[in-house]
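In this chain, residues are counted from 1 in sequence order. Computed from a predicted structure; not experimentally measured.
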Amino acid sequence: VLDLPQADLVTSNSITVKVIKASTGQTVFYAISEDNAAVFEDLTWSTSNTFSNLSANTLYYVYAYAFRNANYLKGEMTAGAEIPTEKEMLTGAVSVDNENPKIGDVLTATYVRGNGTGTITYTFKADGKILQSTTHDKYTVTVLDLNKEITVEVSFDEQKGFVESKATSGVVKKDAPMAPAVPVLV
């Protein structure tokens with residue numbers, strides 16, 4: 001009886017399982033499927049323990065069986081080992097609509113040109129410290145942000161990693177309202 005296949009190296013589009021040692025005179029074959037109830041005859045078997053061109057963030061089942069070279073008898077097929085591929089790295093860019101924020105301004109983040117799918121999260125930061133992490137693309141600048149540079153990171157639950165905006169200039173105070181004109185006596 002063969003050991004269940006175990007993941008050795010997994011990426012977003014490939015799975016390599018650890019080589020399974022078989023008895024003398026046997027060759028181990030491997031197959032992969034998205035179906036946990038796969039039938040031996042429906043699988044494509046290979047001596048390679050690496051599977052490529054797979055879909056990201058997908059659960060696969062890897063099977064193995066030993067084939068006796070001398071008399072061409074196949075052994076028992078293992079159960080399918082559950083091995084998911086990784087999520088893809090997030091691509092794209094994010095920007096903030098105001099490069100020179102003042103206290104009280106509302107900043108809006110925009111994510112573009114990427115592969116992001118699923119739930120989006122906007123993480124606004126001031127000098128690297130998290131201010132707000134939410135699904136909302138807006139942040140209101142407060143007095144606590146004075147002199148700090150604001151950035152925003154965007155991430156998605158179906159990709160790994162994040163993209164980050166360039167930093168704004170340091171937050172400044174709002175301009176004071178103009179004082180009324182001094183009346184002049186004539």
Checklist entry - So does K166 pair up with E99, basic N to acidic O under 4.0 Å? => result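 Yes, this pair counts.
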Next on the checklist: Closer than 4.0 angstrom, basic N to acidic O: yes or no for K160 and E86?
Outcome noted: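 Result for this pair is yes, salt bridge flagged.
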Counting distance only, does the side-chain N/O of [X] pair as donor-acceptor with the main-chain N or O of [Y] below 3.5 Å?
| X | Y | result |
| --- | --- | --- |
| T47 | F29 | no |
| S33 | A38 | no |
| S55 | T58 | no |
| D127 | K148 | no |
| T168 | P101 | no |
| W45 | Y65 | no |

Checklist entry - Just by distance, with hydrogens left out, do D8 and T16 show a side-chain donor and acceptor under 3.5 Å apart? => result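 Looking only at side-chain atoms, T16 and D8 do not form any donor-acceptor pair under 3.5 Å.
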Next on the checklist: When you compare the side chains of T108 and D137, does any donor N or O come within less than 3.5 Å of an acceptor on the partner?
Outcome noted: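 Result is no, nothing qualifies.
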Checklist entry - With hydrophobic residues grouped by side-chain heavy-atom distances under 4.5 Å, do F124 and L146 end up in a single group? => result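 Yes, it is one cluster - the side chains of F124 and L146 are joined through contacts under 4.5 Å.
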Item to check | Path from L131 to I120 over hydrophobic side-chain contacts below 4.5 Å | outcome: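 Yes, same cluster.
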Could you tell me which non-hydrogen atom of [X] sits nearest to which non-hydrogen atom of [Y], and how far apart they are?
| X | Y | result |
| --- | --- | --- |
| S155 | G161 | CB-O, 3.6 Å |
| A7 | K18 | O-CE, 3.7 Å |
| T123 | S133 | OG1-OG, 2.9 Å |
| S14 | S52 | CB-CA, 4.0 Å |
| A66 | Q26 | CB-OE1, 3.6 Å |
| N115 | T91 | OD1-N, 2.8 Å |

Next on the checklist: Does any part of the side chain of L43, heavy atoms only, come nearer than 4.5 Å to the side chain of Y63, both counted from C-beta?
Outcome noted: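 Yes, their side chains come closer than 4.5 Å.
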Checklist entry - So do Y61 and E82 actually touch side chain to side chain, heavy atoms under 4.5 Å? => result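 Yes, close enough: below the 4.5 Å cut-off.
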Next on the checklist: Please identify which of these residues, I103, L144, V143, meets the side-chain contact (heavy atoms from CB on, under 4.5 Å) condition with V171.
Outcome noted: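 Of all the options given, the one that passes is I103.
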Checklist entry - Under the criterion side-chain contact (heavy atoms from CB on, under 4.5 Å), which of I130, I150, V152 is the partner of K125? => result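 Of all the options given, the one that passes is I130.
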Next on the checklist: Please check if the number of heavy atoms outside D3 that lie under 6.0 Å from its CG is greater than 12.
Outcome noted: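 Open: at most 12 neighbouring heavy atoms sit under 6.0 Å from CG of D3.
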For the [atom1] atom of [X] and the [atom2] atom of [Y], what is their distance to the nearest 0.5 Å?
| X | Y | atom1 | atom2 | result |
| --- | --- | --- | --- | --- |
| S12 | M89 | OG | CE | 9.5 Å |
| D157 | Q159 | CG | CD | 8.0 Å |
| L90 | F156 | CG | CZ | 6.5 Å |
| N13 | E88 | CG | CD | 8.0 Å |
| K129 | T151 | NZ | OG1 | 12.5 Å |
| T134 | Y122 | OG1 | OH | 10.0 Å |

Next on the checklist: Taking side-chain contact (heavy atoms from CB on, under 4.5 Å) as the definition, give me every residue that meets it alongside K174, ordered by chain and number, with sequence neighbours left out.
Outcome noted: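 K102, D105.
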Item to check | Hydrophobic cluster of F51, others only, ordered by chain and residue number, side-chain cut-off 4.5 Å | outcome: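 Members alongside F51: L2, V10, I15, V17, V19, I20, V28, Y30, I32, L54, Y60, V62, I83.
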Next on the checklist: Does V172 form a side-chain contact (heavy atoms from CB on, under 4.5 Å) with N100? I'd like the steps, not just the answer.
Outcome noted: CA-CA 8 Å; V172 296; N100 301 299; over 6 Å; no
Item to check | V163 and Y111: CA distance, side-chain angles, deciding distance, side-chain contact (heavy atoms from CB on, under 4.5 Å) verdict | outcome: CA-CA 9 Å; V163 291; Y111 170 76; 3.9 Å; yes
